[in-house]
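Take a look at the following structure, please.
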Amino acid sequence: MDELIAKLKAQIIEELSLEDLSPEELEDDEPLFGEGLGLDSIDALSLVVVLDRDYGIQIEDPEQGKDILFSVKTIAEYITKNK
Amino acid sequence: MGLYINGACAISARETHFGDFPGDKGTDNGLWLKTTTPDFKQFIEAKSARRLSRIIKMGVVSSLLAMNEADAAMPDAIIAGTAYGCMSDTKKFLKAMIENDGKFLNPTPFIYSTHNTLSSQVALQLKCKGYNQTYSQNSVSFESALIDGQMLLTEEGFNTVLTGGIDEMTDNLYTITKRLGLWRRLGEGVQPGEGAAFFILESQQTPSSLARILDVATLHGAKTETEIENWIREIIRKHHLELNSLDLCLLGKNGDRTYDDVYHHLETGLLNNSVCAAYKHICGEYPTSSSFACWLAAKILKKQIIPNGLHQQRSASTPINNVLIYHQHRNREHGLILLQSC
Amino acid sequence: MTNRVFVTGLGLITAIGNSVSETLTSLKASESGLPNLTPFETDIENSPPVCRIDLTNGELQKRLGINPAKEISRTALLGLVAAKEAVQATKLKGNDLESCGLISANSVGGMDRSENFYPEFLDNPKKGKLRQVIGHTCAFSTNLIADQLGLKSMVTTISTACSSSANAIMFGSRLIRHGKVDRVIAGGCDALTRFTVNGFGALKILDNERCKPFDEKRAGLNLGEGAGYLVLESETSAMSGNRKPICEVTGFANTCDAFHQTASSPEGEGSFLAMQQALNMAGLTPSNVDYINAHGTGTRNNDLSEGIAISRLFAPDHPPVSSTKPFTGHTLGAAGGIEAVLSCLSIRNNLVYPNLCRQHPMPELDFEPVRTLKSDRETHHVVSNSFGFGGNDSTLVFSRY
């Protein structure tokens, strides 16, 4: 799980061009959207692509997506459960 | 009522972004004149800058600097002219699409690939809900934007218009345009280039006013030398000027032997009483380079000095009151801007 | 004193007809006039359905008298078909035509050809057929139209994504109001491209079935292709040429939502302001409006945002509202031009087009779109909306002359 979380953090920073952020600064359960990291709907679509491309996980329902993409930890949990 | 340039900024290969006249040597990467840019981070928050390509950042920052110079808080309209638009995001999306056969596509570069990304990102940065427009007509993209701005300022509710011309050179664009033979015809000392020049236009003169724009016009299609002369003469006459009151003419010469003849014809004929000069060897050849010429003319009129190195045959007498910019691309698109000191 | 702006010519090519009259016939046929939806790429599984024009490039070139062997951007060809029809309707020729301006719009230039150049080029920068990329810029199709029609004065291109050609009509109208030109051809064109189909696909806003504007269960848009142009003239120009105005351009506005690069604000602020300002300019109150041709793409976001903006401005007496996108598909840079022509036809023929494919009302809205063809009331004033990426919101108002 820790390994997956570390990998996800690096991917999020890379894919979303969050160059000023280091993986250490990104907390496992920090909300990615809104008041937390401040990501937006365009980022959400990019993350959906990452999950599909690299983990074979498809998110079709946007409402479900919100819960899965809540934090790095929720993403990692969802991947582990559905792999 | 007039049309005044009350603030301007040109990002070019000659360190002009803080208002200085072009430096002696352009920054080039061996292939083209590449802009020296200010530190974008000082102007755009990291969070909103992270998805913006270089052209967008150049446009946003030159807009902000033009606004600073004019002390303008919020424009009523944002109008951009760009021939190539956002090439790097376009290429990024095309590449991903081709490599992955349309699968697993990140939509971000697509979203930022449209030509109006620039004007809308400036609007987003400023939270400007006003008129927003983008012209893309090759070498007269900037003139089209200026014509729009000129009209807007006489319409109700428009006091401050932000407008400019912008194009970026990328590795791909260079390779393709080179293969298309665009650079083969360039004369000695003229290189491909890129740049962004933005202006605050207002109908009222202020202490920061650089110059007044008397007219802007474009023509389409092949013209004879006489047709071009008549066109210029007619515009000069419309503003109750004489040909010999044109103190400086900035011509779009680029050394192309086939198409530079018209400039030589004008220099030795219609405009032989004026000081004729060139600008493309300074900023590089790119479709919206007349926006750089407009910035240069405005600065010249404000400072009342013509910098050296513009290939002028003789020095101009002061005061410098009227400047004409004329350029054409392969005798297909013709652009003209007439400026006056204020 | 500003000049009045009259519409004297119309030109169209859409998925439901290769001319103005063919398109109108399909619209009047309602359900049976809907186009066939075909997969964009037949060899790819789950390729999204699109609204295609049933003529190959070769056939279009033959029609236009251009050598069919030449490789020309489809966007330019579609534009030329519609612009020619508009000009022919006015019988403009000679000096009157030479001095006519052209303001043409498109979203991605000659991408339909240049996207074929890239696979080889990306592999090896020395490869790729240059003739496929020569027409890449947005100005290419505009220049082709101008040269084929023999236009010699003000020619330019607008590219503001999906609101492009509404902005072209607005700019053309302003050139006439300001006396810069006496007549101008204004509109836009766009062909289907892999680039845009994949782009909207990546955004997950393409419906796998026919689009359902203003339906609670709407699932996205269908992309289409086409072109639509108007000939606009000053009063003096139209009268001196004995051309009978079809209608008048009385109002327009362009605003920016300044909310998000692609999404519209939930309260539809940009679209509200565009409609409000356009009506003000026309000297109309919301109750004067007889028909709104909505942008209505069928995406979750647009229809909610636009619907709320319409409610805010027009409640409680909403005029008939419909989206014609199920007929034409979303034609991006051509949409504003095509829908402007449809708006003019609505005035000329007293027609309100049906908003097809709407089954479930949207609970957020206090109005229902018109679901059947109406021809029982005079249409005097028509509002046409076009919204695009970057929060570009444009509204045009056409009025009976």
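To find a chain, count down the sequence lines: A is the first, B the second, and so on, and within it residues start at 1.
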- Top contributor to chain B interface from C:Ala253, C:Gly128, C:Gly150 [non-hydrogen pairs under 4.5 Å]: C:Gly128

- Pick from B:Leu180, B:Thr218, B:Thr175 with the largest number of heavy-atom pairs that fall under 4.5 Å of chain C: B:Leu180

- Any B:Asn132 side-chain heavy atom under 4.5 Å of C:Thr160 side chain: no

- Message: With a 6.0 Å cut-off (strictly less than), is the heavy-atom count around NZ of C:Lys152, excluding the residue itself, greater than 12?
- Response: no

- Item | Pairwise distance CZ(C:Phe121) to CZ(B:Arg179) - rounded to 0.5 angstrom | 6.5 Å

- Hey, does B:Thr134 have a side-chain heavy atom less than 4.5 Å from the side chain of C:Asn392? no

- Query: B:Asn172 versus chain C, heavy atoms under 4.5 Å apart: side chain, backbone, both or neither?
  - Reply: both

- When heavy-atom pairs shorter than 4.5 Å are enumerated against chain C, which of B:Thr82, B:Leu105, B:Leu124 gives the highest number? B:Leu124

- Got a sec: does the NZ of B:Lys127 have more than 12 other heavy atoms crowding it under 6.0 Å? yes

- Message: Distance check, rounded to the nearest 0.5 Å: C:Met154 atom CE versus B:Ile147 atom CD1?
- Response: 4.0 Å

- Note on the structure: Of C:Ile44, C:Asp393, C:Val197, C:Leu175, the largest count of non-hydrogen pairs under 4.5 angstrom with chain B goes to C:Leu175

- Count the heavy-atom pairs under 4.5 Å between each of B:Thr90, B:Val140, B:Asn106 and chain C, then report the option with the highest count. B:Thr90

- Among the options C:Met281, C:Glu115, C:Gln277, C:Arg194, pick out the one with the most heavy-atom pairs lying under 4.5 Å from chain B. C:Arg194

- Task: Would you mind checking which part of B:Lys223 comes under 4.5 Å of any heavy atom in chain C, side chain (CB onward), backbone (N, CA, C, O), both or neither?
- Result: side chain

- Item | Pairs of heavy atoms under 4.5 Å with chain C: top-ranked of B:Asp148, B:Thr117, B:Thr108 | B:Asp148

- Message: Heavy-atom pairs under 4.5 Å with chain C - which of B:Ala145, B:Gly221, B:Ser136 has more of them than the others?
- Response: B:Ser136

- So which part of B:Ala123 gets closer than 4.5 Å to some heavy atom of chain C, the side chain, the backbone, both or neither? both

- Query: Checking C:Leu122 against chain B: side chain, backbone, both or neither under 4.5 Å from a heavy atom?
  - Reply: side chain

- Check whether C:Ser159 gets within reach of chain B through its side chain, its backbone, both or neither, counting any heavy atom under 4.5 Å. both

- Is chain B contacted by the side chain of C:Glu269, its backbone, both, or neither, given a heavy-atom distance below 4.5 Å? side chain

- Query: So what's closer than 4.5 Å to chain C heavy atoms on B:Arg51: side chain, backbone, both or neither?
  - Reply: neither

- ring pair (Phe, Tyr, Trp, His ring centres under 6.0 Å) pairs, two or more places apart, involving residues 137-190 of chain C: B:Tyr135-C:Phe171

- Task: Report the option among B:Met151, B:Glu156, B:Met97 that has the most heavy-atom pairs separated by less than 4.5 Å from atoms of chain C.
- Result: B:Met151

- Task: Let me know if C:Val155 has heavy atoms under 4.5 Å from chain B in its side chain, its backbone, both or neither.
- Result: both

- Item | Among the listed options C:Phe117, C:Phe195, C:Tyr118, the residue most often paired with chain B at heavy-atom distances under 4.5 Å | C:Phe195

- Query: If you round to the nearest 0.5 Å, how far is CD of C:Glu98 from NE2 of B:His220?
  - Reply: 11.5 Å

- Query: Which bit of B:Glu333 comes within less than 4.5 Å of chain C, counting heavy atoms only: side chain, backbone, both or neither?
  - Reply: side chain

- With a 4.5 angstrom heavy-atom cut-off, which part of C:Met111 approaches chain B: side chain, backbone, both or neither? side chain

- Message: Tell me whether C:Arg177 is salt-bridged to B:Glu155, with the criterion being a basic N under 4.0 Å from an acidic carboxylate O.
- Response: no

- Message: Quick check on B:Gln150 against chain C: is it the side chain, the backbone, both or neither that has a heavy atom closer than 4.5 Å?
- Response: side chain

- Message: Quick check: do B:Phe110 and C:Phe389 have side-chain heavy atoms less than 4.5 Å from each other?
- Response: yes

- Proximity breakdown for C:Leu273 and chain B, heavy-atom pairs closer than 4.5 Å: side chain

- If you round to the nearest 0.5 Å, how far is CG of C:Asn167 from CG of B:Asn116? 9.0 Å

- Message: I need the B:Asn138 CG to C:Cys138 SG distance, nearest 0.5 Å.
- Response: 9.0 Å

- Query: Side chain, backbone, both or neither: which part of B:Ser141 has a non-hydrogen atom closer than 4.5 Å to chain C?
  - Reply: neither

- Message: Around atom NZ of B:Lys92, are there more than 12 heavy atoms from other residues, nucleotides or ligands closer than 6.0 Å?
- Response: no

- Rounded to the nearest 0.5 Å, how far does NE2 of B:His115 lie from OG1 of C:Thr137? 7.5 Å

- Item | Structural part of B:Ile78 lying under 4.5 Å from a heavy atom of chain C | neither

- Item | Pick from C:Met170, C:Lys204, C:Lys180 with the largest number of heavy-atom pairs that fall under 4.5 Å of chain B | C:Lys180

